[in-house]
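Heads up: numbering here begins at 1 and tracks the sequence.
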Amino acid sequence: MPAPARRLLPAQVHLPSGGVARLSDAAARARASSVFGAPARRGVERAVIGRCALDVQVLAGPSVLADARGVPLDPLGLPLTDAHVLRALLAAAGIVPEEPGAYTCENCSAPFEVAPSSLLEIGPFTDGELDDPELDRPFDFGVSRPIPALRVGRAVCRAVRLVERTVEEAMPLLRLPADGVLRITPSLVVAMGIAALGRERRAPVIADALASAPDEAWGAIVDLYHEARYPARLLAVYRCQGCGARNDLDVPLERELARAPLRAAGVDGADADELGEPRSTRAGTRARASASSAFPDLDGFEERVRAAAGRIYEARGVRNIDLFIDAGVPTCDDGGEPLLGCYTPGTPADALGIAHPPEIRIFYRTFRSEAREDPGFDIDAEIEETIDHEVTHHLHHLAGSDPLDDEEHEQIAREQVRRVGHAEAVRRARRGALSDVAGFVRATWPAWLIAAVGTALAWCAGGR
């Protein structure tokens with residue numbers, strides 16, 4: 001089997017800021033070779049400098065990066081969002097190293113290893129299709145964002161405001177090795193672009209607050225940082241080989257801030273009592289957490305599902321639909337999303353005279369996962385909505401046409417096009433059509449040869 005073709009760095013890309021950049025694959029590979037060097041040296045450099053800064057060094061190499069007119073472009077002056085897109089493209093092309101990460105499927109828990117950047121969809125960047133209202137919406141730096149409470153000086157803060165940062169302004173953070181100890185200093189606060197915690201704007205005070213912040217508050221700030229600096233398109237989609245589930249992975253794999261970073265030794269998160277919050281507020285938080293963790297066991301869940309099904313079957317005038325509560329690995333739709341429920345039409349009697357009635361299947365584990373992710377998940381309302389949805393599929397099937405199923409498949413197709421880009425979707429469709437024709441020819445060439453020989457013989461015989 002031939003080795004897969006090497007993915008080249010695109011010659012021109014559109015950036016989130018609206019600019020266009022030109023890239024040289026050959027110059028980038030030569031520069032990366034000198035920056036990263038031999039494998040034995042890579043670990044030393046990354047431990048001292050930090051991976052993000054090394055990638056910037058590659059972009060700063062001779063003839064690697066230029067603007068739309070071909071004028072050399074200094075990566076230090078780029079907004080962080082643009083720089084991280086370029087970093088992702090370097091990794092996607094295999095120019096900078098990215099070791100495969102070890103993951104488990106979110107649906108079936110099967111382990112897998114993959115280098116996420118190898119799965120990045122680059123079409124929207126190369127074709128200039130960065131106009132999706134959700135995936136390409138710029139981060140609004142003009143508003144404060146809510147976060148869990150943390151103490152700032154003598155006050156309790158529940159909001160943070162970020163400002164834009166260029167690569168040069170963020171370099172104190174980008175130089176940090178991802179596996180090192182993160183010491184939160186005033187310069188690091190400035191590099192992160194934290195303009196205010198609540199009403200506090202002094203970097204030294206903000207640094208002290210972050211150094212002792214509760215883990216929940218720190219995690220929320222890191223998530224906001226990622227949202228502000230990494231465009232939503234910087235993700236890879238891995239489809240589980242076992243269950244077909246979609247797993248979304250960060251690209252690039254190595255980022256300057258981990259969601260659960262190591263901070264300076266001896267610094268512990270503040271206890272809730274130190275924040276001076278009313279006990280009723282903390283009790284309410286615990287109650288919500290308890291509600292999501294106290295998901296009903298399988299027997300309790302089945303009881304609620306069957307009660308809801310009885311009401312819905314009667315209201316919709318249906319019967320003889322089997323109801324099965326599945327506690328195994330949930331089935332996924334064509335887009336890789338685990339299903340809450342599914343409908344299977346009945347089948348007529350087979351050779352043994354056994355007929356199979358229509359079935360509605362409800363997936364226990366998907367409901368449990370949704371409840372864990374969303375504290376406001378209304379279990380009973382979602383059960384009723386899911387059963388009613390599947391009953392609608394049943395009624396459409398009896399009518400001979402299921403527009404709801406067509407709509408669901410169209411939605412999955414639209415989502416795929418949003419992610420890969422319209423131009424790339426067209427290119428893949430054309431390649432698929434050509435592949436189908438080539439496959440047809442390969443599979444049927446003996447028949448075509450026999451037909452051609454037969455035609456030739458018949459022509460010769462007729463000529464006599």
Side-chain angles (χ1 to χ4, degrees), residues 105-109 240 242-246 287-288 290-416:
C105 174
E106 294 181 0
N107 187 46
C108 70
S109 300
C240 177
C243 69
R246 167 178 171 161
R288 287 193 296 273
S290 175
S292 70
S293 62
F295 189 80
D297 61 17
L298 184 58
D299 290 337
F301 181 76
E302 180 169 358
E303 182 179 346
R304 291 157 82 162
V305 169
R306 294 197 179 279
R311 295 190 297 271
I312 294 169
Y313 282 16
E314 181 178 0
R316 301 294 297 270
V318 299
R319 57 191 178 89
N320 298 329
I321 306 176
D322 280 357
L323 182 66
F324 183 73
I325 288 78
D326 193 331
V329 175
T331 299
C332 297
D333 65 18
D334 290 346
E337 295 293 337
L339 294 169
L340 291 169
C342 67
Y343 167 74
T344 304
T347 58
D350 57 20
L352 299 177
I354 300 175
H356 297 278
E359 176 192 86
I360 290 176
R361 185 172 293 247
I362 304 298
F363 296 101
Y364 174 74
R365 285 171 56 170
T366 308
F367 273 85
R368 187 177 61 188
S369 296
E370 292 290 333
R372 286 175 176 170
E373 291 294 324
D374 180 9
F377 186 80
D378 188 329
I379 299 171
D380 292 313
E382 293 292 341
I383 286 174
E384 296 212 4
E385 182 179 339
T386 301
I387 295 174
D388 189 73
H389 181 90
E390 305 309 332
V391 168
T392 302
H393 277 300
H394 173 69
L395 295 174
H396 285 326
H397 175 73
L398 295 180
S401 175
D402 190 350
L404 186 59
D405 184 65
D406 295 338
E407 180 183 338
E408 289 171 353
H409 281 88
E410 288 172 5
Q411 177 59 36
I412 291 171
R414 285 195 297 270
E415 178 61 29
Q416 173 73 358

What heavy-atom pair brings [X] and [Y] nearest, and what distance separates the two atoms?
X	Y	value
Ile312	Glu384	CD1-O, 3.4 Å
Ile360	Tyr313	CD1-OH, 3.7 Å
Thr366	Pro338	CG2-O, 3.8 Å
Gly335	Arg246	O-CB, 3.8 Å
Pro296	Tyr364	O-OH, 2.7 Å
Glu390	Gly341	OE2-O, 3.2 Å

Next on the checklist: Among Thr386, Leu340, Ile383, Asp326, which residue satisfies the side-chain contact (heavy atoms from CB on, under 4.5 Å) criterion with Ile362?
Outcome noted: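 Among the candidates, only Thr386 passes.
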Would you indicate whether [X], at its atom [atom1], is surrounded by more than 12 heavy atoms from other residues, nucleotides or ligands within a distance under 6.0 Å?
X	atom1	result
Glu385	CD	no
Glu303	CD	no
Arg414	CZ	yes

Between [atom1] on residue [X] and [atom2] on residue [Y], distance to nearest 0.5 Å:
X	Y	atom1	atom2	value
Phe295	Phe367	CZ	CZ	7.5 Å
His389	Glu408	NE2	CD	4.0 Å
Ile325	Glu302	CD1	CD	4.5 Å
Tyr343	His397	OH	NE2	4.5 Å
His394	Ile387	NE2	CD1	14.0 Å
Asp405	Glu410	CG	CD	10.0 Å

Checklist entry - Do Arg306 and Leu323 have side chains that get closer than 4.5 Å, going by heavy atoms? => result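 SC-SC contact between Arg306 and Leu323 confirmed.
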Checklist entry - How far apart are the C-alpha atoms of Asp388 and Arg316, what are their side-chain angles, what is the distance that settles it, and do they pass the side-chain contact (heavy atoms from CB on, under 4.5 Å) test? => result CA-CA 8 Å; Asp388 189 73; Arg316 301 294 297 270; 2.7 Å; yes
Checklist entry - Just by distance, do the side chain of Arg365 and the backbone of Asn107 share a donor-acceptor pair under 3.5 Å? => result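 Side chain of Arg365 to backbone of Asn107, a donor-acceptor pair under 3.5 Å: yes, one is there.
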Next on the checklist: If only side-chain N and O atoms count, and only distance matters, is there a donor-acceptor pair under 3.5 Å linking His393 with Asp402?
Outcome noted: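 Yes, because at least one side-chain N or O of Asp402 sits under 3.5 Å from a partner of the opposite role on His393.
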